[in-house]
K.L.:
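One structure, pasted below without further comment.
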2 protein chains.
Amino acid sequence: MGEVAQLADVSPSTVSLYLRHPDKVSSQRAERIQTAIDRLGYLPNTMAGGLASSRSNVIGVIVPTITNSFFSATLETLERHLRPAGYQLLIGNSEFDESREEELIRSILSWNPAGLVLTGFAHSRKSISLLAKSDTPIVEMWDFGQKGLDMVVGFSHRTCGKLVAEHFLAKGYRKAAFLSTSFQRDIRAKERYQGFREDMTNAGGSVVLRELQGRSNTAETGELVRELVSDHTDLEAIFCANDIVALGVLLECQRQGWPIRDRLAVAGFGNQDFTASTVPPMTTVEPPSQEIGQHIARMLLARLGGSLTEQETRLDLGVRLVAREST
Amino acid sequence: MGEVAQLADVSPSTVSLYLRHPDKVSSQRAERIQTAIDRLGYLPNTMAGGLASSRSNVIGVIVPTITNSFFSATLETLERHLRPAGYQLLIGNSEFDESREEELIRSILSWNPAGLVLTGFAHSRKSISLLAKSDTPIVEMWDFGQKGLDMVVGFSHRTCGKLVAEHFLAKGYRKAAFLSTSFQRDIRAKERYQGFREDMTNAGGSVVLRELQGRSNTAETGELVRELVSDHTDLEAIFCANDIVALGVLLECQRQGWPIRDRLAVAGFGNQDFTASTVPPMTTVEPPSQEIGQHIARMLLARLGGSLTEQETRLDLGVRLVAREST
DNA sequence: TTGAAAGCGCTAACAG
DNA sequence: CTGTTAGCGCTTTCAA
C-alpha cells in the first residue's frame, strides 16, 4: 500500500480511505490511486486490515457435513447473499460431533468473525461458554422450537413428522415404519420420527423404527425393507429419513415385485429433484434449504447493520408436504 | 495475550513461544501459562499472528459448485487431511464462471493463503497473472492432461469417455448418444464426450449429443430421452454426464416400458451409492473424488514442508469403469 | 479532503 | 530458556 501511495503521490492513509470510501477522496487523486493499484497489481492484505480495524469480513458456518444436498444448498445460497456484501464464508465440518464442533468454534472465533452460523441447538457446554464470552452474532439454523443462543432460522422437524403422520392417516395407513439414517448422526431425523410417531400412535396407529448403520446406503436400505416386511406382514407405509433412503425402498419394492402404495406406501424427505420422476412419483417433504440461507443472510446483515429488532431474531420457515403417487 | 502473560507472570513472548512450540518452554512456566489460558478463556488472534508471521494457515479452494457430490467429497477429504496439520479451508464457489473465479482468486489471495486449489485448467488471463505474481502454491484438480500452472491432481476425462466407448463397442453397441448437462457449465463433461465420440466413430459407430439446459434435471432428462428415441429409432446406448442423469434415463425407460439394455443400454458417471441398487444395477464410471482430496493434501503438505520433488507435482489418478447390468 | 501518528495483537530476531 | 525490541500492513483518530 505504501508503494501505491508513492506511485500515486499521496499518503498511505489516503489510499486506505480510497479503498474503503472511494467517494471521500477527490476524483483526481482517486484516479491516480486506481491507476497505481492497477499498475502494481496491488491486493490489500486482509489480515492487516482485520487486525487494524479489529473486525473481519469472515462469517463462519459449521455444518455436520457438506456432502449432503440439504446443507450444501443452504451454504450456496448463504454465500450468494453474503458475498455481495463483502463477506467471506469460512466453512467447517463438524461431522455430527460436538467436540469437533467445539474445536471448529474455537478456530473460527480466533478469526474474529463478523458472525457465526451453527447447525441445530446441540452444542457442548464449553462451546456455549466460548460463544457467550465472544459477542459474535450467532445464528442456529435448520431447526426450530428451542430457545437458541441468539438468532434462529429453521423449521420444526417434529411438525414435519406430524405432517406426514397426518397424511398417512388420511390415506388410511395405520401400520407404519420410520426408516432412518443413524439418529446419532442426525438428531433432526430423530425429531421427525418423534413427531411422526406421536401422531400415529395417538390416532391408534403404530410405528416401527429401523435405523441404518451410517449414512444413507441403498443396499442396506433394501435389506432393512425386506426384514421389515417379513417381520411386520401388515406394514402399510414407510416414512424415510431422506429421499435417497426412500429411493432405496422404492427400488427394493420394485426388485421384489411389490406394488408401491398398494403393497407399501413410501414417503421421503428433501424433495430432491429426482423424486418427481421416480415410478411412481414419490411423496416427500420439502425443507426450505435455500430459504434458510437467504434469511440467515438477511438477518445477519441487518444485525451487522445495527437494524434488527428483537422479534425478528427467530424465524420458523416451516415445511411443505409434497403429496405424489407413492402414498 | 498480555493478560495471559501477566497472570502467568512471564513475558508475552514466552506465551507466544509456548503457543507455537510448547516444548521450548520450561515445564513449570508452561503449566502456569496453560492455567492462565484456561482461566482467561484466551483465544489467540489469528489475524495478528498471520500478519506478524506473514503467512497464514488458510488454504483456498475454488470449486464450480458445492452442491455436487463429486466436489463436496473432495472438499471433505481435503479438509479431513489438512485440518490436523493446522490448516483452514476457505471455500469459494465459482459457479462455473471464469470472472467469478477471478474475483474469488483475488479475494483469497488477499488472505495470503498457504496454498490455493483450483478446479480445472480454465482460468481468465487476469487470474493467471494474479497467480503468477503471488508465489502461492497452486493445485489444479479434477482434470489432467494439460500443462498446468504448478501442481496437478486429477484424471483424464477424455480417457474416461474412451473407456465407456470401449465398453459399449465390446457389448456390440454402435449407435450411441451422449446425454449431458450443459457443456458451458461443465467443460469436463465435454471432454468425456469428446473422448467417447472419438473412439465410437473411429470404430464405425455414431454418437448423437443432447445437452440439458442447466444442471441435472430428471424431468427434462425424460423429455430428451423420448425425443432421442423417436428421432433415432436405432439408438442402442446412452452415456450420461452423471449418475443422476442416468437415473433419469432409467426411470423414463421404466415409464415407457422399454427394457433397459435390451432396448436401450445406459451408463452413468460418478458411481454414486444408489447406482448399485437401481433396477437393473447401473454401469457407471468411478472418479477418484476422495483420492483427489487426499493426494492434494499430501502434495500441498510436502510442498509447504519443502520436500516435494519435481516429478511428484503431477498426478493422474485415473478412473475405473464399473460394469453392471444396465449395459 | 488530506496526512501524521499511534496503534491493532502477535511474531521474530536478538541479547542475555 | 526468557525477555526486550522492533515491526507485520493496515485503520483510525486527530489536526491541518
Side-chain angles (χ1 to χ4, degrees), chain A residues 1-34 36-37 40-58 86 88 106-114 133-136, chain B residues 1-34 36-37 40-58 86 88 106-114 133-136:
Chain A
M1 181 153 148
E3 287 186 62
V4 174
Q6 237 176 333
L7 189 62
D9 194 29
V10 295
S11 78
S13 46
T14 306
V15 177
S16 171
L17 189 64
Y18 169 73
L19 254 22
R20 281 165 304 118
H21 308 285
D23 44 323
K24 291 199 171 181
V25 170
S26 70
S27 55
Q28 23 162 350
R29 296 189 196 227
E31 207 173 309
R32 292 211 311 268
I33 293 172
Q34 187 56 58
I37 287 175
L40 263 38
Y42 167 75
L43 283 180
N45 181 323
T46 311
M47 305 229 213
L51 178 59
S53 63
S54 69
R55 50 193 160 59
S56 82
N57 66 340
V58 167
Q88 258 285 354
R106 208 180 282 279
S107 147
I108 292 177
L109 243 29
S110 77
W111 283 96
N112 226 297
K133 193 142 17 193
S134 95
D135 55 349
T136 313
Chain B
M1 181 153 150
E3 286 186 62
V4 174
Q6 238 176 334
L7 189 61
D9 193 28
V10 295
S11 78
S13 52
T14 306
V15 176
S16 171
L17 189 64
Y18 170 73
L19 254 23
R20 283 166 301 122
H21 308 285
D23 44 323
K24 291 198 171 181
V25 169
S26 71
S27 56
Q28 22 161 352
R29 297 190 194 227
E31 208 173 308
R32 292 213 309 270
I33 293 172
Q34 187 56 57
I37 287 174
L40 262 39
Y42 167 75
L43 283 179
N45 181 323
T46 311
M47 305 229 212
L51 179 59
S53 63
S54 68
R55 49 192 162 61
S56 82
N57 67 341
V58 166
Q88 258 286 354
R106 209 180 282 280
S107 147
I108 291 177
L109 244 29
S110 77
W111 283 95
N112 226 299
K133 193 141 21 191
S134 95
D135 57 347
T136 313

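Throughout, a chain's letter reflects where its sequence line sits, starting with A, and its residues are numbered from 1.
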K.L.:
Is the closest side-chain heavy-atom distance between B:L19 and B:Y42 below 4.5 Å?
P.N.:
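Yes, side chains in contact.
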K.L.:
Can you tell me the distance, in whole Å, between the OH atom of B:Y18 and the P atom of C:dG9?
P.N.:
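Nearest whole value for this atom pair: 22 Å.
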K.L.:
Look at the side-chain N and O atoms of A:R20 and state whether any lies under 4.0 Å from the OP1 or OP2 oxygen of D:dT12.
P.N.:
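Yes, A:R20 has a side-chain N/O under 4.0 Å of OP1/OP2 on D:dT12.
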K.L.:
From CZ of A:R32 over to P of C:dG3, roughly how many Å is that when rounded to an integer?
P.N.:
9 Å
K.L.:
As a test of reading the structure: which of C:dA4, D:dC10, D:dG9 is closest to the side chain of A:S13, going by heavy atoms?
P.N.:
C:dA4
K.L.:
Could you tell me if B:S110 and B:R106 have a donor-acceptor pair between their side chains, going purely by distance under 3.5 Å?
P.N.:
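No, no side-chain donor-acceptor pair sits under 3.5 Å.
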K.L.:
Rounded to whole angstroms, how far apart are CG on B:N112 and C1' on C:dT11?
P.N.:
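So the two atoms are 14 Å apart, to the nearest Å.
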K.L.:
Please state how far atom CG in A:L43 lies from atom P in D:dC10, giving the value in whole angstrom units.
P.N.:
10 Å
K.L.:
What nucleic acid atoms does A:D23 come within less than 4.0 Å of, heavy atoms only: base, sugar-phosphate, or nothing?
P.N.:
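Touches nothing.
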K.L.:
Could you check whether any side-chain heavy atom of A:Q28 comes within less than 4.5 Å of a side-chain heavy atom of A:E31, counting everything from C-beta outward?
P.N.:
no
K.L.:
Identify, between B:L51 and A:R55, the residue whose nearest nucleotide on DNA chain D lies closer to the 5' end.
P.N.:
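The 5'-side residue here is B:L51.
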K.L.:
Kindly point out which of D:dC10, C:dC10, D:dT12 is positioned nearest to the side chain of B:A48?
P.N.:
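The answer is C:dC10, which lies nearest to the side chain.
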K.L.:
Provide the closest heavy-atom pair for B:W111 versus B:S56 in the form atom of the first, atom of the second, distance.
P.N.:
O-OG, 3.5 Å
K.L.:
Please pick, from C:dC10, D:dC10, D:dT11, the nucleotide with the shortest atom-to-atom distance to any side-chain atom of B:Y42.
P.N.:
C:dC10
K.L.:
Without decimals, in angstroms, what is the distance between A:H21 NE2 and C:dG3 P?
P.N.:
17 Å
K.L.:
According to a strict under-4.0 Å criterion, is A:R29 in side-chain N/O contact with OP1 or OP2 of C:dT1?
P.N.:
no
K.L.:
For a 4.5 angstrom cut-off between non-hydrogen side-chain atoms, does A:M47 reach B:T46?
P.N.:
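Sidechains of B:T46 and A:M47: no contact.
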K.L.:
Is the phosphate of C:dT2, meaning OP1 or OP2, less than 4.0 Å from a side-chain N or O of A:S11?
P.N.:
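No.
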K.L.:
Can you check whether B:Y18 reaches B:V10 side chain to side chain, under 4.5 Å on heavy atoms?
P.N.:
no
K.L.:
Can you figure out which of D:dT12, C:dC10, C:dA12 approaches the side chain of B:S53 most closely?
P.N.:
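Within the option list, the nearest is C:dA12.
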K.L.:
Nearest whole Å is fine: how far is C:dA12 C1' from B:L19 CG?
P.N.:
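Going from B:L19 (CG) to C:dA12 (C1'), I get 15 Å.
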K.L.:
Using five base pairs at each end, measure the axis-to-axis angle across the helix from C:dT1-D:dA16 to C:dG16-D:dC1 and round it to 10 degrees.
P.N.:
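The helix from C:dT1-D:dA16 to C:dG16-D:dC1 shows an end-to-end axis angle of 30°.
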K.L.:
To the nearest angstrom, how far is B:M47 atom CE from D:dG7 atom C1'?
P.N.:
19 Å
K.L.:
B:L17 near the nucleic acid: base, sugar-phosphate alone, or nothing, with a heavy-atom cut-off under 4.0 Å?
P.N.:
base
K.L.:
Taking the side chain of B:A52 as its heavy atoms from C-beta onward, which of D:dC1, C:dG3, C:dT11 lies nearest to it?
P.N.:
C:dT11
K.L.:
Any side-chain N or O of A:T14 less than 4.0 Å from the OP1 or OP2 oxygen of C:dG3?
P.N.:
yes
K.L.:
Taking atom NZ of A:K133 as the centre, report whether more than 12 heavy atoms of other residues, nucleotides or ligands fall under 6.0 Å from it.
P.N.:
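Correct, the count exceeds 12.
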K.L.:
Does A:S54 make a side-chain N or O approach to OP1 or OP2 of C:dC8 shorter than 4.0 Å?
P.N.:
no
K.L.:
More than 12 heavy atoms of other residues, nucleotides or ligands under 6.0 Å from CD of B:Q6: is that the case?
P.N.:
no
K.L.:
Ignoring the backbone of A:M1, work out which of D:dG3, C:dC10, D:dT11 is nearest its side chain.
P.N.:
D:dT11
K.L.:
If you check the B:N45 side chain, which of C:dT2, D:dT12, C:dC10 turns out closest?
P.N.:
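Shortest atom-to-atom distance from the side chain points to C:dC10.
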K.L.:
What nucleic acid atoms does A:P44 come within less than 4.0 Å of, heavy atoms only: base, sugar-phosphate, or nothing?
P.N.:
sugar-phosphate
